[in-house]
2 protein chains.
Amino acid sequence: MSKQITSEMVAKKAGVSRATVSLILNGHLNRVGDETRKRVLKVMDELEYRPNLLARTMKTKRSQIIGIIVEGIAEGWFTKIFFGAEEELRKKGYQLLLSSLLFQKSSDKNLCDAVELLLSRQVDGIILITSSIDREITPLKSIISSEIPLILVNFYPTKEVQVPKIYLDYVEAGKISIQHFHSLGKRKIAYIGTDNLANLSSNMRKEVLRGYKKGLKEFGLPYIPEFIKIKEVNIDSSPRERLKFSKGRLSCEMGKKAMEEILTLSERPDAVYCMHDHIAYGAIAAIQAEGLKIPEEVAVIGNNNLEPSEFIVPGLTSIDMQLDRCGYLAARSMLKLLEGEEVEMEVLGPVSLVVRSSTVI
Amino acid sequence: MSKQITSEMVAKKAGVSRATVSLILNGHLNRVGDETRKRVLKVMDELEYRPNLLARTMKTKRSQIIGIIVEGIAEGWFTKIFFGAEEELRKKGYQLLLSSLLFQKSSDKNLCDAVELLLSRQVDGIILITSSIDREITPLKSIISSEIPLILVNFYPTKEVQVPKIYLDYVEAGKISIQHFHSLGKRKIAYIGTDNLANLSSNMRKEVLRGYKKGLKEFGLPYIPEFIKIKEVNIDSSPRERLKFSKGRLSCEMGKKAMEEILTLSERPDAVYCMHDHIAYGAIAAIQAEGLKIPEEVAVIGNNNLEPSEFIVPGLTSIDMQLDRCGYLAARSMLKLLEGEEVEMEVLGPVSLVVRSSTVI
DNA sequence: TTGTAAGCGTTATCAT
DNA sequence: ATGATAACGCTTACAA
């Protein structure tokens with residue numbers, strides 16, 4: 001920490017009291033004489049006075065800092081949430097304090113620690129971005145009992161505990177996908193998912209699958225169990241294997257295998273919906289290897305609109321969850337809570353279809 | 001901010017003084033009786049006492065918070081820096097306070113404000129990640145004069161001001177690329193760059209080009225002006241155009257055009273080094289459209305090892321700057337400075353070649 | 001071993 | 001319109 005120039009030094013040099021300096025600092029225009037203000041401001045400038053925001057917080061009980069915790073999904077594609085949230089909060093003079101940026105699902109205790117640390121730092125609110133729900137409750141309780149605003153961003157419509165949340169609506173994602181397939185005349189739609197995709201929680205898996213089924217139902221399409229492939233991604237393979245494959249590659253390989261299996265069926269699907277874009281890349285490879293045309297014979301849709309989807313051939317039609325927008329929405333809700341306004345308990349994150357040549361010629 | 005349980009409340013309930021509570025809190029084992037400690041700890045637990053770290057900072061002058069500013073390059077691929085830095089700092093009990101997460105190059109004033117804000121918050125140090133160098137000096141001065149540790153992460157070997165930095169060595173990237181081409185028997189190596197690639201600063205451009213030239217020289221390869229294409233990416237195209245193309249797509253298109261032009265030359269290159277992976281994707285498309293074989297007739301290398309490079313066909317050989325590692329290195333240097341240790345003024349970020357089928361069959 | 005008291009840099013209340 | 005003074009919650013000499 002730097003050598004402090006305090007308001008007292010400013011006051012002394014300007015020949016006023018600290019109180020006056022404070023008044024000027026906080027813009028109480030009518031409370032202080034024009035002439036003295038100018039003099040004090042000049043001194044502030046000369047001394048390069050920089051108010052100690054910590055001391056202010058001690059007094060005012062407002063830190064203007066929002067804690068943010070990301071756990072379970074801290075991948076490149078996921079950090080977009082930051083951008084939206086930070087931009088909006090910054091406009092209102094808030095900053096983000098990062099606690100536990102974890103790729104892996106952390107233990108219950110770790111999450112609690114992260115929360116406690118933020119609370120100890122007197123943050124004005126907490127945004128918790130998590131892929132899990134099972135363990136969510138305990139750490140949440142300490143936030144709730146501390147009575148500071150909390151916004152949840154996750155995949156799952158948390159019922160167990162009443163917290164405002166931005167809901168990443170993967171059910172909707174599934175429905176939109178089926179709708180798109182349906183509009184293209186596709187009727188036999190397969191699904192490839194995973195039980196344990198390094199970066200994606202089991203909750204997301206459940207949601208996407210739920211959306212798929214819901215979509216089928218809504219459009220009167222047959223539910224064919226053989227068309228649903230949920231494969232396990234074995235992350236704990238040999239070290240050499242792990243070196244060879246990035247997580248993305250691993251899921252891709254898995255998607256390929258799954259698709260190959262599906263294509264051995266006597267009745268083949270004319271479309272396939274993949275839980276994650278990486279899986280879809282593999283599925284596309286398998287379809288092409290079989291000599292089938294994309295999208296004419298088999299159309300493909302993925303989830304999360306990862307960057308490669310734009311560049312592979314054929315381009316992958318994918319669901320974009322607009323995570324920067326979700327970050328913005330989280331920030332909006334947070335700001336409302338801080339203002340004491342009402343907020344919706346469940347804000348749906350936007351879900352949009354990005355159409356590329358894996359579904360449309 | 002939550003209703004505070006103070007050390008005074010704990011003290012009162014435990015029948016001791018605040019000082020004793022503080023001693024226990026700070027682990028001065030030998031300074032307090034075993035029995036009283038147990039009693040106090042129990043009370044802390046009952047009251048769910050959470051020390052106010054702000055008050056502690058007021059006293060100790062150590063906030064355990066590191067400010068971090070990212071400007072000019074806040075893209076998905078770039079945020080990896082966070083992960084490395086946060087993980088390492090967290091281990092030592094530090095947290096990251098985000099100031100100004102800006103995709104665009106901000107004004108000098110914005111950068112100053114971001115710095116001032118962090119200093120006002122009494123951060124223990126600042127990590128500044130920036131793509132620019134021209135305007136770098138002014139805001140830096142206020143950090144330096146404040147005497148708090150500063151670590152710079154950037155593309156350019158800053159000479160004008162003595163600040164320890166993690167240097168993203170794009171010159172080395174160029175050299176390694178040429179070396180790889182050379183080892184494959186390639187002798188006529190073209191270069192495609194840009195003057196104004198949305199997300200990448202002109203400094204990075206200069207550095208990469210410098211590396212290319214240096215590499216040519218080192219391996220005794222001819223410098224052929226016609227083989228160097230620096231195109232402008234017109235970001236301010238019509239709104240419709242902008243909607244149509246993401247920044248990635250835009251650079252990709254640019255790379256395609258540039259490669260097409262190069263292929264009209266009477267003497268064609270047998271390899272091409274691209275400033276950024278997105279450009280390389282376009283170059284690959286142009287090469288394939290011309291019916292040339294990759295890598296036999298023309299080999300391709302890109303920069304930054306973006307995610308698509310792993311999934312496109314052919315896979316793109318690319319230089320990986322290991323940004324998470326750079327974040328880690330920044331954190332290490334910062335921790336050293338905080339401990340009062342010496343640090344190297346220039347730590348080279350790792351630069352590694354990821355070989356894929358755009359250069360090797 | 002424990003308590004007392006001063007101080008960190010603000011802001012807010014009440015005087016003047 | 002300005003100033004004196006008391007918090008805010010903690011740490012840390014120093015005293016007991």
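Throughout, a chain's letter reflects where its sequence line sits, starting with A, and its residues are numbered from 1. Because only heavy atoms are used, hydrogens play no part in the values below, and waters and symmetry mates are left out as well, while side chains stay in.
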Peer 1: Establish, with yes or no, whether the OP1 or OP2 oxygen of C:dG9 is under 4.0 angstrom from a side-chain nitrogen or oxygen of B:Lys61.
Peer 2: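 Checking B:Lys61 against C:dG9: at least one side-chain N or O falls below 4.0 Å of OP1 or OP2.
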Peer 1: Within less than 4.0 Å of OP1 or OP2 of C:dT11, is there a side-chain N or O belonging to A:Asn26?
Peer 2: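 Yes.
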Peer 1: Kindly calculate the angle separating the two end axes of the helix from C:dT1-D:dA16 to C:dT16-D:dA1, each obtained from five base pairs, and round it to 10 degrees.
Peer 2: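 For the helix from C:dT1-D:dA16 to C:dT16-D:dA1, the axes at opposite ends meet at about 40°.
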Peer 1: Tell me, yes or no, whether the heavy-atom count around B:Glu341 atom CD, taken from other residues, nucleotides or ligands under 6.0 Å, exceeds 12.
Peer 2: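 Yes, CD of B:Glu341 has more than 12 neighbouring heavy atoms, counting only those of other groups under 6.0 Å.
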Peer 1: At the 4.0 Å heavy-atom cut-off to chain A, mark where contacts on DNA chain D begin and end, going 5' to 3'.
Peer 2: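 The contact span of chain A on DNA chain D goes from D:dA1 to D:dG9.
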Peer 1: Give a yes or no answer on whether the side chain of B:Gln64 reaches the backbone of B:Gly93 with a donor-acceptor pair at less than 3.5 Å.
Peer 2: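 Yes; at least one donor-acceptor contact below 3.5 Å.
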Peer 1: Of the listed nucleotides (C:dC8, C:dT10, C:dT2), which one gets closest to any side-chain atom of B:Val32?
Peer 2: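 So the nucleotide nearest the side chain must be C:dT2.
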Peer 1: Could you check whether B:Lys38 pairs with B:Glu35 (Lys NZ or Arg NE/NH1/NH2 to Asp/Glu carboxylate O, under 4.0 Å)?
Peer 2: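 A salt bridge is absent here (no side-chain N lies under 4.0 Å from a carboxylate O).
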Peer 1: Should B:Lys42 and B:Glu46 count as an ion pair when the cut-off is N to O under 4.0 Å?
Peer 2: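 Counted as a salt bridge, because a side-chain N and a carboxylate O are separated by less than 4.0 Å.
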Peer 1: Rounding to an integer number of Å, can you tell me how far B:Lys59 NZ sits from C:dG9 P?
Peer 2: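 Nearest whole value for this atom pair: 10 Å.
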Peer 1: Under 4.0 Å between any heavy atoms, over every strand shown, what does A:Arg31 touch: base, sugar-phosphate, or nothing? Just pick one.
Peer 2: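 If one applies the 4.0 Å heavy-atom cut-off, A:Arg31 turns out to touch a base.
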Peer 1: Just by modelled atom types, is the B:Arg18 backbone N or O under 3.5 Å from a matching donor or acceptor in the B:Ser22 side chain?
Peer 2: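 Between the backbone of B:Arg18 and the side chain of B:Ser22 there is no qualifying donor-acceptor contact (under 3.5 Å).
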Peer 1: Going by number, which of residues 13-23 of chain A have a non-hydrogen atom under 4.0 Å from DNA chain C?
Peer 2: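 By residue number: A:Arg18, A:Ala19, A:Ser22.
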